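All figures in this text were calculated on a predicted structure; none of them were measured in a lab. Residue numbers start at 1 and run along the sequence shown.
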Amino acid sequence: MAENVIIQEGIPIVSDPLEQFKDWYINAKAHPEIISAESFCLSTSSLNGLPSSRMLLMAQLSKDGLSFLTGSRSQKGKDLKENPFASCCFFWEPVYQQVKIQGRVEISNELSDLFWDDVPRELQLSAATWTQGELVSTRQAFVEKRNELVEKFYNKPVPRPADNLAYTLKPTQFEFYQSNALKIPDLIQYKWDEEKKIWSAIRLGI
């Protein structure tokens with residue numbers, strides 16, 4: 001019986017969950033078994049309540065929140081134009097952690113070119129080939145147009161498509177989930193109190 005008993009302190013409650021997320025992210029990024037710590041699932045919803053989810057890469061983490069680059073004419077871009085609230089989830093399986101972040105998403109024009117410059121060139125060419133979310137007539141048409149851009153921008157920078165914009169999710173709620181090999185979980189939820197300008201925290205059952 002005693003072999004199955006472990007002591008676990010649980011997730012510490014802090015005054016600033018964004019700093020806690022930053023610590024978790026840095027640890028995940030340094031873990032040898034986590035290939036892409038910046039990957040997350042973004043969930044949006046239309047005005048009609050139809051949900052949509054997509055895996056993205058976090059481009060920046062700052063005091064304002066987490067930022068990413070995507071097409072404004074994609075499904076998520078259209079959703080965010082109608083309904084600027086979204087939820088994202090980071091899942092780092094080797095360390096038994098996941099973080100859910102909810103909040104309002106805003107376009108960050110000043111970051112768009114900065115993020116675009118960090119996109120690998122092959123992905124820049126693909127993004128510039130066809131507007132995200134628009135109908136592609138045939139696979140061949142896509143490949144031919146991309147090949148044209150390869151020649152056009154040979155030894156030149158690929159310009160950012162006008163619809164490829166930076167977005168920043170400004171958190172109003174966090175959920176930190178921590179488990180372990182024995183499946184003993186812990187969950188802390190933070191909510192932002194706009195009136196008091198503070199974060200409140202509670203521990204929730206799983």
Side-chain angles (χ1 to χ4, degrees), residues 18 21-22 24-26 28-30 34-47 50-92 99-172:
L18 189 60
F21 172 70
K22 182 179 179 181
W24 280 28
Y25 170 67
I26 290 173
K29 199 169 180 63
I34 299 177
I35 298 173
S36 179
E38 62 270 25
S39 296
F40 68 94
C41 180
L42 178 74
S43 296
T44 58
S45 176
S46 68
L47 279 180
L50 295 176
S52 177
S53 297
R54 173 84 179 268
M55 294 301 297
L56 294 173
L57 296 176
M58 180 173 66
Q60 178 177 283
L61 179 63
S62 69
K63 61 180 179 58
D64 294 323
L66 63 97
S67 302
F68 55 91
L69 186 73
T70 193
S72 61
R73 297 171 69 178
S74 64
Q75 183 59 56
K76 56 189 171 300
K78 293 175 183 176
D79 284 350
L80 291 171
K81 187 175 182 179
E82 294 181 357
N83 175 15
F85 296 95
S87 175
C88 71
C89 185
F90 290 79
F91 177 50
W92 302 308
V99 183
K100 185 174 75 173
I101 308 173
Q102 294 172 262
R104 185 182 182 91
V105 180
E106 299 178 1
I107 293 176
S108 304
N109 288 311
E110 68 280 3
L111 296 176
S112 297
D113 287 329
L114 179 66
F115 291 170
W116 177 256
D117 290 342
D118 288 336
V119 174
R121 183 175 177 83
E122 295 303 315
L123 291 180
Q124 286 182 338
L125 287 165
S126 293
T129 299
W130 219 280
T131 300
Q132 193 176 104
E134 284 197 350
L135 177 68
V136 177
S137 54
T138 64
R139 176 66 176 174
Q140 182 179 354
F142 179 89
V143 173
E144 289 178 354
K145 186 175 179 181
R146 189 183 187 283
N147 289 338
E148 290 175 4
L149 293 184
V150 171
E151 294 183 12
K152 181 178 180 180
F153 297 116
Y154 180 73
N155 279 341
K156 298 177 183 178
V158 181
R160 176 179 61 84
D163 65 295
N164 223 272
L165 301 174
Y167 292 80
T168 298
L169 189 154
K170 300 187 174 184
T172 55

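- Within 6.0 Å of the NZ atom in K145, the count of heavy atoms belonging to other residues, nucleotides or ligands exceeds 12.
- One finds the OG1 atom of T129 at 4.5 Å from the CG atom of L149 (value rounded to the nearest 0.5 Å).
- We find the CG-CG distance between D113 and L165 to be 10.0 Å, quoted to the nearest 0.5 Å.
- Between the side chain of E82 and the backbone N or O of L47 there is at least one donor-acceptor pair closer than 3.5 Å.
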In sequence, state the C-alpha distance, the side-chain angles, and the governing distance for L111 and Q60, and then conclude on side-chain contact (heavy atoms from CB on, under 4.5 Å). CA-CA 9 Å; L111 296 176; Q60 178 177 283; 4.0 Å; yes

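- Judged by distance alone, the side chains of T44 and S52 never bring a donor and an acceptor atom under 3.5 Å apart.
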Would you check, one step at a time, whether the test side-chain contact (heavy atoms from CB on, under 4.5 Å) holds for S39 with M55? CA-CA 7 Å; S39 296; M55 294 301 297; 4.2 Å; yes

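- Note that CD of E144 and CD of Q140 are 4.5 Å apart. Values are rounded to the nearest 0.5 Å.
- Between C89 and V99, every side-chain heavy-atom pair lies at or beyond the 4.5 Å cut-off.
- Two rings, from F90 and F21, have their centers less than 6.0 Å apart.
- Side-chain contact, S126 with R146: a donor N or O sits under 3.5 Å from an acceptor N or O.
- Checked by atom type, the side-chain pair E151/N147 shows no donor-acceptor distance below 3.5 Å.
- Within the 4.5 Å cutoff, side-chain heavy atoms of S67 are placed close to those of F115.
- When all heavy atoms of S53 and C41 are compared, the pair lying nearest together is CB-SG, 3.8 Å.
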Carefully, step by step, assess K22 and L61 under the rule side-chain contact (heavy atoms from CB on, under 4.5 Å). CA-CA 8 Å; K22 182 179 179 181; L61 179 63; 3.9 Å; yes

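- N83 and S46 make their closest contact through ND2-O, 4.3 Å (heavy atoms, listed as atom of the first residue, atom of the second, distance).
- For the atom pair OH of Y167 and CD1 of I107, the computed distance is 4.5 Å after rounding to the nearest 0.5 Å.
- Between D64 and E106, every side-chain heavy-atom pair lies at or beyond the 4.5 Å cut-off.
- Atoms CG and CG, from D79 and L42 in turn, are 9.0 Å apart once rounded to the nearest 0.5 Å.
- By the 4.5 Å heavy-atom criterion applied to side chains, V158 and R121 are counted as neighbours.
- Between R104 and T172, every side-chain heavy-atom pair lies at or beyond the 4.5 Å cut-off.
- Side-chain atoms of W92 come within 3.5 Å of backbone N or O of A37 as a donor-acceptor pair.
- Residue R54 holds its CZ atom at 12.5 Å from OG of S43, rounded to the nearest 0.5 Å.
- Looking at Y25 and M58, their side chains come closer than 4.5 Å, going by heavy atoms from C-beta outward.
- Remark: the backbone N or O of W116 is paired with a side-chain donor or acceptor of Q124 at under 3.5 angstrom.
- K81 and S72 form no side-chain donor-acceptor contact under 3.5 Å, judged by distance and modelled atom types alone.
- Here the closest non-hydrogen pair linking S112 and A166 is OG-N, 3.0 Å.
- One N or O on the side chain of W130 and one on the backbone of L135 form a donor-acceptor pair closer than 3.5 Å.
- At least one side-chain heavy atom of T70 sits less than 4.5 Å from a side-chain heavy atom of K76.
- For the residue pair S108 and T168, a side-chain donor N or O sits within less than 3.5 Å of a side-chain acceptor on the partner.
- The two residues K152 and K156 make their nearest non-hydrogen contact at O-CD, 3.8 Å.
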Verdict with reasoning, L69 to L57, per side-chain contact (heavy atoms from CB on, under 4.5 Å): CA-CA 8 Å; L69 186 73; L57 296 176; over 6 Å; no

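- E134 CD: more than 12 foreign heavy atoms inside a 6.0 Å radius.
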Run the salt bridge (charged side-chain N to carboxylate O under 4.0 Å, His left out) test on D163 and R73 for me, step by step, so that the C-alpha distance in whole Å, both residues' side-chain angles and the decisive distance to 0.1 Å come before the verdict. CA-CA 7 Å; D163 65 295; R73 297 171 69 178; 5.7 Å; no

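- Residues L169 and I101 have side chains in contact (heavy-atom distance under 4.5 Å, counting atoms from C-beta outward).
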